[in-house]
Novice: 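One structure, as structure tokens, below. Some questions next.
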Amino acid sequence: MEQVKVLIIGSGPGGFTAAIYTSRANLQPVLYEGIQPGGQLTTTTEIENFPGYPEGTNGTEMMADLKKQAQRFGADIRSGQITEVDLSKRPFRVVVDGTHEIEAQSLIVATGASAKYLGLPSETKYRGMGVSACATCDGFFYRKRDVAVVGGGDTACEEATYLATLCKKVYLIVRKPFLRASKAMQERVFNTPNIEVLFEHNTKEVLGDEDGVTGALLVHTSGAEKEIAIDGFFLAIGHHPNTEVFKGQLELNPEGYIVVEPGTSKTSVEGVFAAGDVKDPHYRQAITAAGSGCIAALDCERWLMANSIK
Ligand code: NDP
């Protein structure tokens with residue numbers, strides 16, 4: 001069976017940063033890219049808020065650069081998905097694509113989270129062309145324009161109030177007759193004059209042309225339909241962490257995110273570390289994921305050293 005000292009699962013900024021650090025520390029990491037090589041950033045267009053890119057960059061290019069940077073120091077980056085893990089004893093047993101078995105001395109989990117989408121074909125069609133699941137990432141492109149946010153939780157309210165500082169008008173499309181968000185967030189929404197909350201509305205179709213989103217067709221619970229003219233359509237209906245394979249083996253919070261010891265990347269299993277959105281339901285930024293990838297690499301390196309694992 002193949003033996004690996006550091007196995008990294010996931011290829012977003014968290015996983016690649018962990019690979020850069022562990023390969024520079026001569027730990028010969030192996031990284032499996034997973035089902036979406038490059039992670040969530042490959043679904044966005046331009047990235048303007050990652051430090052060091054004064055002209056901005058593109059998510060796919062940034063991920064390709066991070067990959068090259070890790071490979072430059074010898075990281076072994078492979079395509080493949082982890083389908084099974086046994087963390088009950090060390091070395092950990094990991095199965096790739098249901099067939100290839102590996103024994104890993106340590107594990108860095110950076111499998112990320114996926115934004116939930118409504119599942120409309122028109123939403124898929126305009127993804128990256130006006131449809132986005134990250135207002136912090138893409139809101140800036142809709143300055144002085146009209147946009148809509150779908151959802152009634154804290155994220156939707158936070159994103160709507162953020163977008164309201166940039167955009168002319170923000171529609172908040174809420175399927176229930178009330179918001180699920182905290183009272184404080186609700187008040188912020190109701191006190192922002194350029195947010196219009198459309199209660200009891202669902203999206204039937206995202207409308208657009210060859211340049212991207214132009215509107216949305218909404219349907220009220222009464223059955224009445226209405227069209228709104230917008231340039232941006234933001235989903236804020238929650239994320240799900242990619243932790244299915246770790247259920248019952250790592251401590252997860254009620255939403256399924258990996259629980260780590262505060263201020264570290266240490267999970268409930270010694271020798272298993274977590275980085276990026278898979279352990280972070282709050283910040284979800286490329287830069288915070290990259291920072292936590294560095295933390296995981298350093299925690300892992302120190303743990304291997306403390307346990308004299310060569
Ligand atoms: P939530 O699960 O809290 O809210 C999701 C929202 O999306 C709900 O209003 C839900 O509607 C709606 N929704 C779900 N599916 C659909 C659908 N198919 N069509 C239309 N609407 C849909 O997710 P959040 O991301 O908002 O929050 C996740 C966690 O993070 C929460 O615990 C939240 O409190 C926390 N958080 C805290 C923040 C803070 O403290 N600053 C900021 C952001 C998040 P319905 O209500 O009908 O189910």
Side-chain angles (χ1 to χ4, degrees), residues 1-19 21-23 25-37 39 70 75-114 239-281 289 292-310:
M1 199 185 302
E2 185 182 9
Q3 314 284 323
V4 169
K5 189 147 50 170
V6 179
L7 185 68
I8 302 169
I9 313 177
S11 56
F16 280 141
T17 303
Y21 271 76
T22 49
S23 53
N26 208 21
L27 297 173
Q28 295 112 30
V30 171
L31 180 151
Y32 276 95
E33 292 190 302
I35 208 160
Q36 187 177 37
D76 181 352
I77 295 173
R78 307 176 182 175
S79 54
Q81 208 194 340
I82 304 306
T83 46
E84 210 184 310
V85 294
D86 180 1
L87 308 181
S88 62
K89 56 181 186 309
R90 288 201 306 268
F92 307 119
R93 192 179 140 269
V94 175
V95 181
V96 185
D97 293 333
T99 51
H100 181 58
E101 282 191 45
I102 293 178
E103 274 186 354
Q105 298 287 356
S106 64
L107 219 56
I108 296 178
V109 180
T111 46
S114 307
H239 283 74
H240 52 83
N242 302 319
T243 50
E244 282 72 19
V245 80
F246 304 105
K247 268 186 194 144
Q249 308 213 47
L250 288 179
E251 187 187 345
L252 306 177
N253 80 4
E255 284 80 42
Y257 288 88
I258 295 177
V259 175
V260 292
E261 193 181 295
T264 77
S265 63
K266 296 176 189 169
T267 71
S268 57
V269 174
E270 213 188 298
V272 180
F273 306 88
D277 287 13
V278 74
K279 59 146 201 75
D280 174 17
S292 73
C294 162
I295 291 170
L298 295 178
D299 284 344
C300 182
E301 185 184 349
R302 285 168 195 165
W303 180 80
L304 289 167
M305 214 180 313
N307 287 277
S308 307
I309 298 171
K310 300 233 164 32

Novice: Checking A110 now: which residues fulfil side-chain contact (heavy atoms from CB on, under 4.5 Å) with it, not counting sequence neighbours?
Specialist: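 Listed in chain order: A275.
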Novice: Please examine the side chains of Q28 and D76, heavy atoms only from C-beta on, and report whether any two atoms are closer than 4.5 Å.
Specialist: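 A side-chain contact under 4.5 Å is absent here.
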Novice: Among T267, V272, V4, whose side chain to side chain contact (heavy atoms under 4.5 Å, CB included) with L107 holds?
Specialist: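 Checked T267, V272, V4 against L107; only one passes side chain to side chain contact (heavy atoms under 4.5 Å, CB included): V272.
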Novice: Stepwise, does the side-chain contact (heavy atoms from CB on, under 4.5 Å) test hold for E301 with L27?
Specialist: CA-CA 8 Å; E301 185 184 349; L27 297 173; 4.0 Å; yes
Novice: Between T264 and D299, do the side chains contain a donor N or O and an acceptor N or O under 3.5 Å apart?
Specialist: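 D299 vs T264: no donor-acceptor pair found between side chains.
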Novice: For residues Q249 and L87, report the shortest heavy-atom separation together with the two atoms involved.
Specialist: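 Heavy atoms only, the tightest pair is OE1-N, 2.8 Å.
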Novice: How close do I82 and I9 get, counting heavy atoms only, and between which atoms?
Specialist: CG1-CG2, 3.4 Å
Novice: CG of L7 to CZ of R78: how many Å apart, nearest 0.5 Å?
Specialist: 8.5 Å
Novice: Donor-acceptor check, side chain of N242 to backbone of T111, threshold 3.5 angstrom: yes or no?
Specialist: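 Such a contact is found between N242 side chain and T111 backbone.
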Novice: Kindly determine whether T243 and L250 satisfy side-chain contact (heavy atoms from CB on, under 4.5 Å), including the steps that lead there.
Specialist: CA-CA 9 Å; T243 50; L250 288 179; over 6 Å; no
Novice: Using every non-hydrogen atom in the two residues, find where V95 and E101 come nearest and quote the distance to one decimal.
Specialist: CG2-CG, 4.0 Å
Novice: Is there a side-chain contact (heavy atoms from CB on, under 4.5 Å) between I309 and S106 once you walk through the steps?
Specialist: CA-CA 10 Å; I309 298 171; S106 64; over 6 Å; no
Novice: Please tell me if the side chains of V30 and V6 come closer than 4.5 Å, counting only heavy atoms from C-beta onward.
Specialist: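 Answer no - side chains too far apart.
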Novice: Around atom CZ of F246, are there more than 12 heavy atoms of other residues, nucleotides or ligands at under 6.0 Å?
Specialist: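 Yes - once you tally the heavy atoms of other residues, nucleotides and ligands closer than 6.0 Å, there are more than 12.
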Novice: Please lay out, stage by stage, how E103 and F92 fare under the test side-chain contact (heavy atoms from CB on, under 4.5 Å).
Specialist: CA-CA 5 Å; E103 274 186 354; F92 307 119; over 6 Å; no
Novice: Got N307 and M305 here, is their nearest side-chain heavy-atom distance under 4.5 Å?
Specialist: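 Answer no - side chains too far apart.
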Novice: Of all heavy-atom pairs between W303 and E270, which one has the smallest distance, and what is that distance?
Specialist: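 Smallest interatomic distance, heavy atoms only, reads NE1-OE2, 2.9 Å.
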Novice: State whether the side chain of T17 and the backbone N or O of G293 hold a donor-acceptor pair below 3.5 Å, judged by distance alone.
Specialist: no
Novice: List the atom of Q81, the atom of I35, and the distance in Å for their closest heavy-atom pair.
Specialist: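 Where Q81 meets I35 most closely, the heavy atoms are OE1-CD1, 3.8 Å.
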Novice: Is the backbone N or O of T99 less than 3.5 Å from a side-chain atom of D97, with the two atoms forming a donor-acceptor pair by type?
Specialist: no
Novice: Any heavy-atom pair between the side chains of Y32 and H100 that's under 4.5 Å?
Specialist: yes
Novice: State, yes or no, whether a side-chain contact exists between L31 and S11 at a heavy-atom distance under 4.5 Å.
Specialist: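 Yes - at least one pair of side-chain heavy atoms lies under 4.5 Å apart.
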Novice: Would you check if E255 and H239 make a side-chain contact, meaning some heavy-atom pair closer than 4.5 Å?
Specialist: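 Not touching, per the 4.5 Å side-chain cut-off.
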Novice: Quick check: does any side chain N or O of N253 sit under 3.5 Å from a backbone N or O of G256, one acting as donor and the other as acceptor?
Specialist: yes
Novice: Determine the minimum heavy-atom distance between A297 and T22, stating which atoms define it.
Specialist: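 Closest approach of A297 to T22: CB-CG2, 3.7 Å.
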